[in-house]
Each structure stands twice: as structure tokens, then as C-alpha cells.
Amino acid sequence: MSKPQPPVQKNQTIEVTFEDLTHEGNGVGKVDGYPLFVPYALPGETGQVKVIKVKKNFGFGKLLDVEEESQERVEPPCNVYVQCGGCQLQHMSYSLQLDMKQKQVKDAMHKIGHLSDVPVHPVIGMDDPWRYRNKIQIPVGEKDDGGLKAGFYRKRSHEIIDMDTCIIQDEHNDRMVEAVRRIAEQYGIEAYKEEHHSGVLRHIMVRTGQHTGDIMVVLVTKTKKLPHQDAIVNEIRETFPNVKSIVHNVNSKKTNVILGEQTNVIWGDKYIVDQIGDIKFNISPKSFYQVNPTQTKRLYDQALEYADLKGHETVVDAYCGIGTISLFLAQKAKRVLGVEVVAPAVDDAKKNAKLNDIENAEFYVGEAESLLPWWQAQGLQPDVIVVDPPRKGCDESLLKAMIEMKPEKIVYVSCNPSTLARDLRILEDGGFETQEVQPVDMFPQTGHIECVSQIVLKEEAGSQ
Ligand code: SAH
């Protein structure tokens, strides 16, 4: 029997009615049962679609026009939304974004984790889902008239889009980028040209402590020297009296990595300070720090509620970064042990503990999957284990170690519902039970979603 041919052909224009959304926010419509994925189309809409790509079981299309608009469609407030690759969901209402993300987590629980009964709560969204990002890293290029432009790359390219504002960025970041661009232009500083690996200014990075108002600006150059350094410093300070730290970073390599190895503080402090809840953090140019502190606070509060600490517990925070969650936990636990594979992050974590006079948190450099079994062999018995792994999820040997350590509770913080669901299944099979999952929207207007989940040891597993 010959295989059925897809019912559409490349470059054909066809009317499609959309029923669903993918996790990336693309509309899904079916043509004789064959799914077409179409960016910017919304469920409930009918529109003309040009077929772009035809695969055996699905295809991609481009939305030409919408005949029946969904009530959830909104005018994207950013005027470079379609060109820029940064946001994916600005064309839909915020409530649809939140519903879509909740469904994505539910689907992962059901299809990947076979955990259809686990409650997935409505997503905790932001009251105002704009201007939330505390960090910007923006490439600098040359305009046709020879001036400088700072903007993000066009989708799937390294062409810089000239933009004057990014509306998911803290306003200070936007204004600082614009000021540095103008000052650099005024002093005739050349933009870096990627194709020839020549020129000077590559990126402008700005970090704002949203709680403290501190600002750090980093100018990344290909050259060892920043031309007109003193004049530039003075101009920045005059324009932004609340700037706390001005940094020059040298990146001479042909690379997509933004910051190079050499970092010189050319004016002010090495760090800026920010605060989440009662905890202060030192942030240096290279520190990992959550980009949306408002929602981070909500995420950590939920993690703390799930940990349900009474004060006598020993807690392990695997994947601890600069100790953000560990220090939150330390306020309520007897002892916290943080593990992190990046050594400078562990140094930051130790400094952050000192900054907050926290003495019951210890930090170790290592792989969580190696350190936990070793600790177990030494007789350490944690009551609660918190994990917050990167997108690929927990290493299998870490899951195995947790199953053997039998903590009363595991709190799993995750930026990827698929690997979360996969790992929850392994923990369930190892004697744990997932109680609930709370998604938190850390990245409004984009397709990302963060979750926190409470997992408890089943009684029979604990008494074995
Ligand atoms: N909990 C922190 C950081 C989470 S990001 C916060 O909320 O700020 C995940 C962290 O895991 C990163 O800092 C990364 O360097 C670290 N990491 C990645 N693989 C690891 C491993 N195998 N063992 C320990 N840490 C790891």
C-alpha cells in the first residue's frame, strides 16, 4: 500500500481554521487531518495560509491574513515584534498566554510523566507583564549613515535591528543602552563588524537591581583599550547619577559568547546589590542572577511553602547557582548544603551568605550527581532536597541517589516541563509521590515557563 501523500503542496495558498497552539505559540490547523503549524495564528481563527514547508506528517505555513479574528488577539505593542526573535507571544492576550502555559505543563505531565492526576495549578502571572527584565545584553552595529545602532538580531540571522526600546526590559536598561550608544557615537567609536572580525564596540550590557535601583553598565570591546575611556565614564556618570559600576570587558575572540575573559572595573564598585525578599545579592558582570526578580520571589515563596520547614531540617540545594534558593531556605532550616558545578558561582554564594549574616549555609563545588552519593556514604541524611536543574533536567544518577537517600520531601524547580515530567515519573517509580505542580510565569511574552513541584516520600517507601 502506498503511503498517503500530504494533502497540501509547497507554495499553495489555502484557507485554514485553527484549533490549537503549540508550546512555541504557533497556531495549529488541520487540513484533512494533516497538521499545519502557523506562527501568529490563534485558536478559533480562520485565515489564508501560504504553505512553506511540507513534511510527511506535518507542515509549516505563513499567515497571509485573518478572516475571523480571535477575541484573544491583541495588537503587539512592540514595533519590531515580528522581525525580532526575542518574544513569541505578544500577539495574544496575557490571559491566553497563561492558559497556554498551564496546558503545556498539563500535557507534559500527562503524556511524558503519565501523571494525569497530579494537580497543575493556574500559572502565577504578573500584574503588569512588561518591563520585567533586569538584564540586557545588546549587540552594537553600524547604521547606513555611519552612526551606531544597538538592537537585537533579526530572527535566524545576525543582522542587527535598529530599535530604540525593548518593552520587556526595565526602563533603566533601555535608557542606559541609548545613552551609551549616543556617547560612543559622539566619540567616534567604531562598532564591531562580525563578518571581518574588526572594529571596537561589540555589546552593551546593563544590569539593574530593581529593588535597590543600582545600575551596572558593561562595554564589551574587541580591542584591549576602550578609546576615550575617561570621557565616556564621565558622560555616563553625568547622564545617570545612580550608576554604581562601569565596567570594560575585552572579548577579542571570534565567538557568539558575549563576555570575554578580561573584566576591568573602570569606575565604581565591582558589584551591584539587589534584594529578593529579605536576602541581598551581590551581582557582578558574569554572575547568574534570575532576570525577573518579582516572579522569582513568588517562585521561591512557593518552593519554601512546599519545603514546609520547621527549623530542625537538613536541606540539600542541588544546582544552587549563587545560592539564591539556599539562602531563602537557610532562614527556615537548621542546615543547608548547596552544590554547584561552576566554581565562581560558589564563591558568590559564599559571599552572599556573609552579606546576609547567614551562617547555616555551606556551599560546595561539584556535580550534584557525584556529591550526593558521596554525602550519603558519609552518613548525611537530608530531610528535604531542592533541585533546580538546567533545561536538560536532573542527571539520572542524581535521581537514583535521591531515591536511595529517601528525603521526606523533594522540591523540584524546573524551567522545562518535559524534563520535569520525565524526572517526576522516575521519582514516582522510586517510591515518591508528586503532590502538585505550580507554574510561575517568569518570562511573559515569550514561550518559556517555570514550575515548582512538591514531591513526598510514600510512607511504605520510607519504612522499608
Ligand atoms: N538555583 C539557582 C540556579 C539555577 S540554574 C537560582 O535559582 O538562581 C542551574 C544551575 O545548575 C546553574 O548554576 C548551573 O551551573 C548548575 N549546574 C548544571 N549542571 C550541574 C551539575 N551537574 N551539578 C551541579 N550544578 C549544576
Side-chain angles (χ1 to χ4, degrees), residues 133-135 207 209-211 257 259 273-277 279-304 306-307 315-331 333 336-353 355-356 358 361-376 382 384-402 405 410-416 419-420 423 438-443 448-453:
R133 279 191 68 100
N134 58 11
K135 172 172 132 180
R207 305 188 85 155
Q210 292 182 339
H211 187 91
V257 177
L259 293 178
V273 178
D274 198 26
Q275 190 168 332
I276 301 178
I279 310 278
K280 293 192 186 78
F281 297 97
N282 273 339
I283 307 161
S284 63
K286 288 192 180 174
S287 305
F288 174 86
Y289 183 61
Q290 297 282 357
V291 297
N292 184 340
T294 310
Q295 292 300 87
T296 301
K297 166 82 168 57
R298 290 176 152 167
L299 181 77
Y300 291 177
D301 282 346
Q302 189 64 62
L304 215 58
Y306 285 161
V315 183
V316 167
D317 179 13
Y319 307 95
C320 71
I322 60 164
T324 12
I325 301 180
S326 316
L327 298 179
F328 254 69
L329 296 163
Q331 296 172 301
V336 177
L337 297 93
V339 191
E340 162 62 48
V341 80
V342 175
V346 171
D347 290 340
D348 282 348
K350 288 179 181 165
K351 284 184 194 143
N352 287 330
L355 182 71
N356 292 285
I358 290 177
E362 308 144 45
F363 296 96
Y364 300 88
V365 181
E367 288 174 336
E369 58 272 24
S370 313
L371 230 72
L372 261 75
W374 190 77
W375 280 343
Q376 190 189 12
V384 179
I385 300 179
V386 178
V387 294
D388 180 9
R391 288 189 66 76
K392 67 176 189 212
C394 290
D395 194 277
E396 230 182 303
S397 50
L398 176 68
L399 294 167
K400 190 164 163 268
M402 291 201 291
M405 281 174 127
I410 297 172
V411 178
Y412 194 138
V413 180
S414 161
C415 55
N416 183 346
T419 53
L420 171 66
D423 292 350
Q438 175 62 64
V440 179
D441 192 20
M442 301 274 272
F443 311 100
H448 299 287
I449 181 70
E450 194 92 9
C451 291
V452 52
S453 172

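We count ligands from 1, going down the list as the structure has it; atoms in each ligand are counted the same way.
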Does Lys135 have more than 12 heavy atoms from other residues, nucleotides or ligands lying within 6.0 Å of its NZ?
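More than 12 heavy atoms, drawn from other residues, nucleotides or ligands, come within 6.0 Å of this atom.
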Does Lys286 have more than 12 heavy atoms from other residues, nucleotides or ligands lying within 6.0 Å of its NZ?
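Yes.
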Pair Lys351 + Asp347, salt bridge at N-O below 4.0 Å
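Asp347 and Lys351: not salt-bridged.
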Least distance between heavy atoms, Pro293 atom then Asp274 atom:
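Result for this residue pair: CG-OD2, 4.0 Å.
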Once the angle between the rings of Phe281 and Tyr289 is folded into 0 to 90°, is it parallel (under 30°), tilted (30 to 60°) or perpendicular (over 60°)?
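Aromatic pair Phe281/Tyr289 classed tilted.
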Report every pair formed by an N or O atom of ligand 1 and a protein N or O atom separated by less than 3.5 Å, giving atom names and the distance to 0.1 Å.
{"unit_1": "ligand 1", "atom_1": "1 (N)", "unit_2": "Tyr319", "atom_2": "O", "d": "3.2"}
{"unit_1": "ligand 1", "atom_1": "1 (N)", "unit_2": "Asp388", "atom_2": "OD2", "d": "2.8"}
{"unit_1": "ligand 1", "atom_1": "7 (O)", "unit_2": "Gln290", "atom_2": "NE2", "d": "2.9"}
{"unit_1": "ligand 1", "atom_1": "7 (O)", "unit_2": "Tyr300", "atom_2": "OH", "d": "2.7"}
{"unit_1": "ligand 1", "atom_1": "7 (O)", "unit_2": "Asp388", "atom_2": "OD2", "d": "3.1"}
{"unit_1": "ligand 1", "atom_1": "8 (O)", "unit_2": "Thr324", "atom_2": "OG1", "d": "2.7"}
{"unit_1": "ligand 1", "atom_1": "13 (O)", "unit_2": "Glu340", "atom_2": "OE1", "d": "2.7"}
{"unit_1": "ligand 1", "atom_1": "13 (O)", "unit_2": "Glu340", "atom_2": "OE2", "d": "3.3"}
{"unit_1": "ligand 1", "atom_1": "15 (O)", "unit_2": "Glu340", "atom_2": "OE2", "d": "2.6"}
{"unit_1": "ligand 1", "atom_1": "22 (N)", "unit_2": "Glu369", "atom_2": "OE1", "d": "3.0"}
{"unit_1": "ligand 1", "atom_1": "22 (N)", "unit_2": "Glu369", "atom_2": "OE2", "d": "3.4"}
{"unit_1": "ligand 1", "atom_1": "23 (N)", "unit_2": "Ala368", "atom_2": "N", "d": "2.9"}
{"unit_1": "ligand 1", "atom_1": "25 (N)", "unit_2": "Val341", "atom_2": "N", "d": "3.4"}

For Gln438, all residues meeting side chain to side chain donor-acceptor pair (under 3.5 Å), sequence neighbours excluded:
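Partners of Gln438 by the side chain to side chain donor-acceptor pair (under 3.5 Å) criterion come out as none, since no residue qualifies.
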